[in-house]
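In what follows, a single structure is set out as structure tokens and then discussed.
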Amino acid sequence: MAALRLVTECLTNTRKYAVDNGTDADIAVQLVLSPGTVKNHLAAIQRKLGVRNRVGIAAAVWAQRS
């Protein structure tokens with residue numbers, strides 16, 4: 001999916017943790033970010049992929065892996 005290639009490195013890291021079912025707080029600890037920043041990153045990922053939630057992010061990632 002071309003949209004996945006547009007995601008920056010930081011957004012990519014956030015996306016990876018989100019797909020692994022991390023909470024905003026868990027992701028924030030792993031990436032040394034604030035939970036608010038994680039929330040903003042997830043919103044940006046959703047906009048770029050054209051999905052509405054984390055399930056959509058995960059579906060887009062799994063579709064690319066197939």
Side-chain angles (χ1 to χ4, degrees):
M1 177 179 272
L4 284 177
R5 288 185 220 117
L6 298 175
V7 182
T8 65
E9 183 178 338
C10 193
L11 294 180
T12 300
N13 289 334
T14 304
R15 177 179 49 86
K16 288 176 186 175
Y17 284 108
V19 169
D20 292 336
N21 298 315
T23 64
D24 289 357
D26 293 337
I27 296 167
V29 168
Q30 292 295 321
L31 298 177
V32 191
L33 300 170
S34 74
T37 300
V38 170
K39 185 176 179 178
N40 290 338
H41 284 287
L42 290 172
I45 293 166
Q46 290 167 356
R47 278 192 310 276
K48 289 182 180 204
L49 296 177
V51 298
R52 300 182 81 178
N53 52 36
R54 289 177 186 229
V55 173
I57 295 171
V61 169
W62 284 104
Q64 184 181 10
R65 290 180 183 171
S66 303

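Just the heavy atoms: all of them, side chains too, but no hydrogens, waters or symmetry mates, feed the values below. Numbers here simply count residues along the sequence, with the first being 1.
- You'll find the side chain of Leu42 reaches within 4.5 Å of the side chain of Thr14, heavy atoms only.
- Residue pairs meeting the side chain to side chain donor-acceptor pair (under 3.5 Å) criterion with at least one partner in residues 34-45, sequence neighbours excluded, are Ser34-Thr37.
- Pro35 approaches Ala28 most closely through the heavy-atom pair N-CB, 3.7 Å.
- Annotation: side chain to side chain donor-acceptor pair (under 3.5 Å) contacts involving residues 51-63, sequence neighbours excluded, comprise Asp24-Arg54.
- Annotation: side-chain hydrogen bond (donor to acceptor under 3.5 Å, both in side chains) contacts of Asn13 (sequence neighbours excluded): none.
- Side-chain contact check for Gln30 versus Ile27: every heavy-atom pair is 4.5 Å or farther apart.
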